[in-house]
Amino acid sequence: MSNGKRILLIIAGGIAAFKSLDLIRRLRERGFGVTPVLTPAAEQFVTPLSASALAASKVYRDLFDLTDEAEMGHIELSRAADLLVVAPATADLMAKMAHGHASDLASTLLMATDKPVLIAPAMNVRMWEHPATRRNLRLLQEDGILSVGPVEGAMACGEFGFGRMAEVPEIVAAVEAALSAGPLTGRHVLVTSGPTHEPIDPVRYIANRSSGAQGTAIAAALLALGARVSFVTGPASVPPPPGAEVIRVETARQMREAVFAALPADAAVCAAAVADWHVANAAGRKMKKDGSGRAPAFELAENPDILAELSRLETGRPGLVVGFAAETDDVVANATAKRARKGCDWIVANDVSEGSGVMGGTENEVTLITAEGAEAWPRLGKGEVARLLAERIAARIG
Ligand code: C5P
């Protein structure tokens with residue numbers, strides 16, 4: 001039974017291409033129409049005939065196929081689908097996409113499309129970890145390209161590590177998520193995340209232990225509900241969520257600039273662990289011991305309070321402003337006082353005392369403080385906390 005959605009499935013040349021035939025079957029089972037595109041290298045792994053038979057569709061293979069241009073031009077082909085899926089996405093095709101090449105049918109379709117694109121990378125672990133691939137992935141994420149996988153495991157080349165293409169059910173789930181119109185479709189949400197780094201001199205800085213995991217999970221949950229997300233992140237240790245507009249900053253002052261530049265927004269979630277102070281007398285050159293035995297004295301100056309400033313905006317205040325309170329004692333009392341002091345609508349309070357395992361961990365136990373009072377949530381994975389919070393946000397502004 002058709003669900004009315006069409007997928008243009010670009011199969012690039014890698015050993016994982018054999019899984020793409022199964023992907024065609026599973027997508028069709030879920031009601032998607034599939035039009036396959038095979039690169040010349042992909043044809044070394046799977047045949048156009050099998051792709052065509054499984055998709056019950058014509059297979060597109062060559063940019064200069066004049067018959068195809070007469071039937072359907074490549075521009076039209078790139079836009080007739082609701083979503084472009086690249087599986088497997090090879091290192092080579094990712095590089096072409098990141099740098100805007102349009103040198104063959106696959107890369108031209110990816111350049112010409114006005115539809116969302118989902119990639120399922122697959123390559124040797126060394127190629128996946130190569131700085132060039134990391135850089136290309138970052139560029140693609142910044143362009144709003146969605147991705148699924150790769151996963152860790154044994155590879156056809158005999159090595160073990162990250163690089164295996166995501167399994168077919170995972171790719172199908174990512175396709176469905178990419179095409180679902182959620183309650184936050186058409187809404188813009190700003191999320192701050194990660195720590196800030198405050199320079200002491202050109203090589204040293206003051207930081208904190210925030211990994212950015214909770215902010216990233218919240219942004220991903222908001223994206224899954226259809227929101228457009230501006231993700232302003234300090235130097236976090238987890239990668240930003242695919243599909244967000246990522247704005248990377250280092251200091252609290254840069255974060256403030258980026259946040260105000262990203263307005264207007266329907267909601268703002270300030271999950272960043274912003275440093276309270278910066279070093280006012282940061283050195284322009286690397287500081288050195290002078291042999292006197294005296295340690296340098298830092299003069300600290302207060303950083304802008306982004307959450308408080310956003311909350312008190314007279315014009316252009318986001319309809320809902322959510323802050324976080326990481327507390328080590330009297331969590332509810334301190335967070336309730338913080339909500340009033342900052343002027344935000346909600347505070348998500350959590351206990352980060354030693355032994356709670358929250359900072360840098362995978363779980364979180366939060367209390368949501370609103371105008372109505374305090375609501376304690378059970379201990380949950382950070383992804384689950386994010387999902388519940390995103391649903392609450394959707395109920396309020398969706
Ligand atoms: O004041 P405190 O750091 O405890 O408050 C935490 C909340 O305030 C978090 O939501 C954090 O993102 C935000 N905050 C901010 N700018 C600062 C300090 C904190 O936006 N300079």
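Atoms within a ligand are numbered from 1 in the order they appear, just like the ligands themselves.
- Looking at residues two or more places apart in sequence or on another chain, you find a salt bridge (Lys or Arg N to Asp or Glu O under 4.0 Å) between Asp345 and Arg317.
- Taking the side chain as every heavy atom from C-beta outward, Thr196 and Glu250 never approach each other to under 4.5 Å.
- Scored by the salt bridge (Lys or Arg N to Asp or Glu O under 4.0 Å) test, Glu43 finds Arg61 as partners (sequence neighbours excluded).
- Glu159 and Asn124 are linked by a side-chain donor-acceptor pair at a separation below 3.5 angstrom, with hydrogens and angles left out of the test.
- Applying the ring pair (Phe, Tyr, Trp, His ring centres under 6.0 Å) rule to His278 yields no partners; only residues at least two apart in sequence or on another chain are considered.
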Once you restrict both partners to nitrogen or oxygen, which atoms of ligand 1 have a protein partner under 3.5 Å, and how far apart are they?
unit_1	atom_1	unit_2	atom_2	d
ligand 1	1 (O)	Lys342	NZ	2.8
ligand 1	4 (O)	Lys338	NZ	2.3
ligand 1	5 (O)	Lys342	NZ	3.1
ligand 1	8 (O)	Lys342	NZ	3.2
ligand 1	10 (O)	Cys270	O	2.6
ligand 1	10 (O)	Phe324	N	2.7
ligand 1	10 (O)	Phe324	O	3.4
ligand 1	12 (O)	Cys270	O	3.1
ligand 1	12 (O)	Ala272	O	2.7
ligand 1	16 (N)	Ile306	N	3.0
ligand 1	20 (O)	Leu307	N	2.8
ligand 1	21 (N)	Pro304	O	2.8

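- In this structure a side-chain-to-backbone donor-acceptor pair under 3.5 Å is present from Asp104 to Ser107.
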